[in-house]
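Worksheet: the structure to be examined is printed underneath.
Counting from 1, the numbers follow the sequence of the chain as shown. FYI, side chains are in, hydrogens and waters are out, and symmetry mates aren't considered; it's all heavy atoms of this structure. Note that the structure is predicted; figures quoted are calculated from it, not measured.
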Amino acid sequence: MLRLVRLLLLLLLPPSGSPEPSEPPGLASLSPGAPPQAPDLLFADGLRAYSAGAWAPAVALLREALRSREALGRARRDCGASCAAQPDAELPGQLLGVPQSASGPRAWEPLLLRATLRRAECLTQCAERRLGPGGTARLRMGSVLREAFRRREPYNYLQRAYYQLKKLDLAASAAHTFFVANPTHLQMREDMAKYRRMSGIRPQSFQDLVTPLYWAAYDTGLELLVQQEVALALPKLEEALQGSLAHMESCRAGCEGPEEQQVSEEEVEEGSQGGLYEAIAGHWVRVLQCRQHCVADTATRPGRDFPVPDFIPNQLRRLHEAYAQVGNVSKAMESILSVLLFYPEDEAAKKALNQYQTQLGEPRPGLGPREDIQRFILRSLGEKRQLYYAMEHLGTSFKDPDSWTPEALIPEALREKLREDQEKRPWDQEPPQSKSLPYWKDVLLLEGVTLTQDVLSPVDVLLLEGVTLTQDAQQLNGSERAVLDGLLTPAECGVLLQLAKDAAEAGARSGYRGRRSPHSPHERFEGLTVLKAAQLARAGTVGRPGAKLLLEVSERVRALTQAYFSPERPLHLSFTHLVCRTAIEGEQEQRMDLSHPVHADNCVLDPDTGECWREPPAYTYRDYSGLLYLNDDFKGGDLFFTQPNALTVTAQVRPRCGRLVAFSSGGENPHGVWAVTRGRRCALALWHTWAPEHREQEWTEAEELLREEEEEEEEEEEEEILNRDPSPEPPSHKLQRVQDKAGKLLRVREEL
């Protein structure tokens, strides 16, 4: 905590009583080969130099902060491995005050403490040899700074400092390194686009300086497998697995380093820290939790929030497939036996094993699972047992990162609770589980809204059937947001896509006149209003079913949006627009802009202040917005929400047929669209209003136009029937249809 306070003071306050120095303190002591210094203090000095515009000192300090942090991690890893391999030397018995021959109920204490002290001595001496006096304790980092380094923030400052020093290749490399881990950072997207346009920067300068090499090997191996280059893929897949396991060991070593424990004043007053054994147990549980989390850390790509599921077992499956294809039965069997250590009941793995055993004949001694995988699993299961014991008896928490943990390992008293927690787990920690309509009604009822026939007409109730709530506002990290699936069938999506295609071929690009997108020069827009669709259908240019479906679907979305967000207050359609965005081929290389910049729908967003001014040119009468997607066979084009600063992405939604993203139109929901870099993305954009005077007049005109055309056709059909020569009585179902049409025609004439 003292280090954190000191860091904040260094960042905010210049030394009192003297002018700002030309060089930050500590710079003179930086020299190649010098012992590492405290990364947090170096980072603080680097930021002070950066703020003062001292670009060269800022670069030196920030680079030294990165070097010191790397040296600290390497020392912990190497010393941990070295000390673990040493024989357990005995400490003098008098040091503990207990004869080594003592026995009794607590005879284990000297053994435990002796081993602990011996390991601590080894680690301390090793760290001081590598890092200088004070060792790792001198270089400890608080949680705030650890998180800053995890997000690669020093590289963001480095790229700007390098840019000021005219070292553009180094600036591009630092910028790329930061951007890989922060792909949704919109300002950095603009900076990267700027660097890529500069002719003086070499293409090889855009390199990632931090990402572990096993990710490159993993991606290359998978790509070679797809290309059927199995022999070339095998060494890459082996490199990826070995690198993954090595990265996990490095992560685990970091868990043993000193960490600042944040303890509240209330806990101190209540004495909740307990005594010696409670403190030891608490620290040990935190170490175990950290070690278990290393599985997820290793499986999480830079820039991603969540790990690749089953990362290690799936690598073993790929290795098994590759070895089997090249005919190396022994290695294939070794890999499949390793998979079975994770999933003993995996039917595909058991079937493959039986085939190999039949092929090899008699059992072969020494042919078994990989030793590194056996060690990994045995160690992990041992740690899980301790953590589940702590959950059951000490009230600690533990979220198992693995799906392969045997249920028998979990105490019976915890299993039911864990099942309940799994069911309540947010969407962002597992594949989204669609919630059925009854659940949706329950949510509304819990919020104090009653769904009655007075609120929902029979048509509305019918529309709700088959619709599922996939993500609510909480899961989308905001308010007044929802993702609903099932509003369109694949056939209906096809009809609307054909409508858009036919209208575009007829030159009916409403509002854009065939020009490029008003938001990006790399895309072309095609827009179609409901009235234009009806007019084209009347002229025979597009199919009438598509134009009718466009009207029907827009009303379907309105009823659904009202039922979900505003059941006690009617919503009216304000504007309906079928829009397709098409990536322009040959103009997507190194593209960094957005398909639609971040904005709000009924106010003018000011990212600098976070305010959203509800005034023209914004459509201030819009209250709710909706995007109903028609396809997903394109690249890019995801919708994303941000914080009011228009930079920090809070949620992202991938389009798919029949998926509706509905949200309130104000400043609480700034949103944009990532670039469409390949293919054609089509969606129905709708806006709704509480103000009747702003209801969409074109929608009413389109409905009347299509109804008139339908009535004219029915009248012509009826006249044809009446003028037709007498014929045998048609089948009963045809007769009934004719009678129904005739009755409808008579009613229409009476009304006229």
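Every residue two or more places apart in sequence or in another chain that forms a ring pair (Phe, Tyr, Trp, His ring centres under 6.0 Å) with Tyr218 is listed here: Trp215, Phe311. Residues that satisfy the salt bridge (Lys or Arg N to Asp or Glu O under 4.0 Å) test with Lys635, not counting sequence neighbours, are absent from this structure. Listed by chain and number, the residues in a salt bridge (Lys or Arg N to Asp or Glu O under 4.0 Å) with Asp606 amount to none (sequence neighbours excluded). Remark: Arg659 pairs with Asp485 by the side chain to side chain donor-acceptor pair (under 3.5 Å) rule, at least two apart or across chains. A search for side chain to side chain donor-acceptor pair (under 3.5 Å) contacts involving His176 returns nothing, not counting sequence neighbours. Evaluation of the side chain to side chain donor-acceptor pair (under 3.5 Å) rule for Ser554 yields Trp699 as partners, not counting sequence neighbours. Take His293 and apply the ring pair (Phe, Tyr, Trp, His ring centres under 6.0 Å) test, not counting sequence neighbours, and it matches no residue. Taking Gln227 as the reference, Glu223 meet the side chain to side chain donor-acceptor pair (under 3.5 Å) condition, with sequence neighbours excluded. Residues meeting the salt bridge (Lys or Arg N to Asp or Glu O under 4.0 Å) test with Glu147, sequence neighbours left out: Arg150, Arg151. Every residue meeting the salt bridge (Lys or Arg N to Asp or Glu O under 4.0 Å) condition with Arg152, not counting sequence neighbours, appears here in chain and number order: Asp208.
Glu668 and Ser479 form no side-chain donor-acceptor contact under 3.5 Å, judged by distance and modelled atom types alone. Judged purely by distance below 3.5 Å, without hydrogens or angles, the side chains of Ser244 and Thr298 never pair a donor atom with an acceptor atom. Glu693 and Tyr621 form no side-chain donor-acceptor contact under 3.5 Å, judged by distance and modelled atom types alone.
Although no hydrogens or angles enter the test, the distance criterion places a donor-acceptor pair under 3.5 Å between the side chain of Asn602 and the main chain of Arg622. Between the side chain of Gln588 and the backbone N or O of Ile584 there is at least one donor-acceptor pair closer than 3.5 Å. Not a single donor-acceptor pair under 3.5 Å links the side chain of Arg680 to the backbone N or O of Asn631.
Residue pairs satisfying the ring pair (Phe, Tyr, Trp, His ring centres under 6.0 Å) criterion with at least one member in residues 483-503, sequence neighbours excluded, are absent. Residue pairs satisfying the disulfide (SG to SG under 2.5 Å) criterion with at least one member in residues 626-678, sequence neighbours excluded, are listed as follows: Cys493-Cys657.
Stacking of Arg654 on the aromatic ring of Phe634 is recorded, both the 6.0 Å distance cut-off and the 45° axial limit being met.
Between Phe575 and Tyr619, the ring centre distance reaches or exceeds 6.0 Å.
Looking at Tyr629 and Arg681, their side chains come closer than 4.5 Å, going by heavy atoms from C-beta outward.
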